[in-house]
There are 2 protein chains.
Amino acid sequence: MPRAATTTDVFNAIAEPRRRQIIDLLAQSTRPQAVGDLVEALQLSQPTVSKHLAVLRKVGVVSVRKQGQHRLYELNAVELRPVHDWVKTYEQFWSGQLSRIKQRAEKLAAERAAAKKSSNSQEL
Amino acid sequence: MPRAATTTDVFNAIAEPRRRQIIDLLAQSTRPQAVGDLVEALQLSQPTVSKHLAVLRKVGVVSVRKQGQHRLYELNAVELRPVHDWVKTYEQFWSGQLSRIKQRAEKLAAERAAAKKSSNSQEL
DNA sequence: TATTTATATTCCCATACCGGAATGTGTCAA
DNA sequence: TTGACACATTCCGGTATGGGAATATAAATA
């Protein structure tokens, strides 16, 4: 099995730095951006930008709207939520000491739950 | 230029679901885990697990310690911080209405800053 | 020392990439 | 209709993948 396609999910899509740049640009701008605007801002060729946008479209991170001969791209940030939710779990590992206590408590709770499930107290 | 290596940065490393599973397992367990434990938990072949661990090692997300013939893997979650920090910016897009007001204010501030930089009030 | 155990590494291959170049498609304007 | 413009898509080539199979390495054990 080869590497998963970039269009498989958001995690694969945002692995590419230019695609994160595109997301950042769309977030910073009030209004939807035409492809040409992004081309200029990113200093990349038009086909390259269009292809990155196609990936972001397929995973739903951006949406398009036609306006004349332009395509206006808009951020659909909610699709980033899986990434946020996953990584947020680990915030506690580098934030204050108080949180570290909480972290420890959660670990112990997890252990107890696991031990209960399989009456096998071996470490996971 | 092909796709960036999985070992290029954390974003590429965590694109692979099994590597995220490994991270999750290491986070849930109190103690460092031997490769064999992960093999059993993930139901993957030993070489596959070892290779995923090698990727996570190279980007610093896990650290290893020898204990006899075992290698004990431990999570180094702080290396996930770049992902967290990047995606956290977008939290506002799906959290409560109050935050959305704040979001709008930040956009306007960004616009003003951009306009100041290039005395060109065209939209970015 | 020979054997088992735990893990890492190498080789293989089908697949998918990212960028560049070229080309296709659709819209506006003369 | 003929261009001109904005954008998407296709084709190409060098590279890297992830899993399986086989092999290497290193420690424990008989």
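Every heavy atom of this structure was used, including side-chain atoms; hydrogens, water molecules and symmetry mates were not. In what follows, chains carry the letters A, B, and so on, assigned in the order in which the sequence lines appear, proteins first and then strands, with residues in each chain numbered from 1.
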According to a strict under-4.0 Å criterion, is R71(A) in side-chain N/O contact with OP1 or OP2 of dG26(C)?
no

Between dA16(C) atom C1' and N12(B) atom CG, what is the distance in whole Å?
14 Å

Are W86(A) and Y90(A) near enough that their ring centres are under 6.0 Å apart?
yes

Looking at T89(B), is its backbone amide N or carbonyl O close enough to the side chain of Q92(B) to form a donor-acceptor pair, meaning the two atoms are under 3.5 Å apart?
yes

To the nearest 0.5 Å, atom CG of L56(A) lies from atom CG of N76(A) at 11.0 Å

Could you grab the distance from atom OG1 of T8(B) to atom CZ of R3(B), nearest 0.5 Å is fine?
10.5 Å

For DNA chain D, what residues of residues 46-66 of chain A have any heavy atom nearer than 4.0 Å?
Q46(A), P47(A), S50(A), K51(A), R57(A)

If the cut-off is 4.0 Å, is Y73(B) near the phosphate of dA8(C), judged by side-chain N/O to OP1 or OP2?
yes

What is the distance, rounded to the nearest whole Å, between atom NE2 of H70(A) and atom C1' of dA4(D)?
12 Å

Quick check: does any side chain N or O of R19(A) sit under 3.5 Å from a backbone N or O of A13(A), one acting as donor and the other as acceptor?
yes

L25(B) and Q33(B): CA distance, side-chain angles, deciding distance, side-chain contact (heavy atoms from CB on, under 4.5 Å) verdict:
CA-CA 9 Å; L25(B) 282 172; Q33(B) 298 292 298; 5.9 Å; no

Interatomic distance where CZ belongs to R18(A) and P belongs to dC17(C) [whole Å]
16 Å

State, to the nearest 10°, the angle formed by the axis through the first five base pairs of the helix from dT1(C)-dA30(D) to dA30(C)-dT1(D) and the axis through its last five.
0°

Presence of donor-acceptor pair under 3.5 Å, side chain of Q69(A) and base of dC5(D):
yes

How long is the line joining CE of M1(A) and C1' of dA16(C), in whole Å?
14 Å

In whole angstrom, what separates L44(A)'s CG from dG19(C)'s C1'?
10 Å

Looking at S45(B), does any N or O in its side chain come under 4.0 Å of the phosphate oxygens OP1/OP2 on dG19(D)?
no

Considering non-hydrogen atoms only, spot the tightest contact between P32(B) and R65(B) and give its length.
CG-NH2, 4.0 Å

Tell me if a side-chain donor or acceptor on N12(A) pairs with a main-chain N or O of D9(A) at a distance below 3.5 Å.
no

Listed in order of residue number, which residues of residues 2-11 of chain B have a non-hydrogen atom at under 4.0 Å from DNA chain D?
P2(B), A5(B), T6(B)

Sidechain-backbone polar pair: T48(B) side chain, L44(B) backbone, donor-acceptor under 3.5 Å:
no

Are V10(B) and I22(B) connected in the hydrophobic side-chain network, where two residues link if heavy atoms are under 4.5 Å apart?
yes

Taking the side chain from R71(A) and the backbone from V64(A), do they hold a donor-acceptor pair closer than 3.5 Å?
no

Whole-Å gap separating C1' (dC7(D)) and CD (E40(A))
16 Å

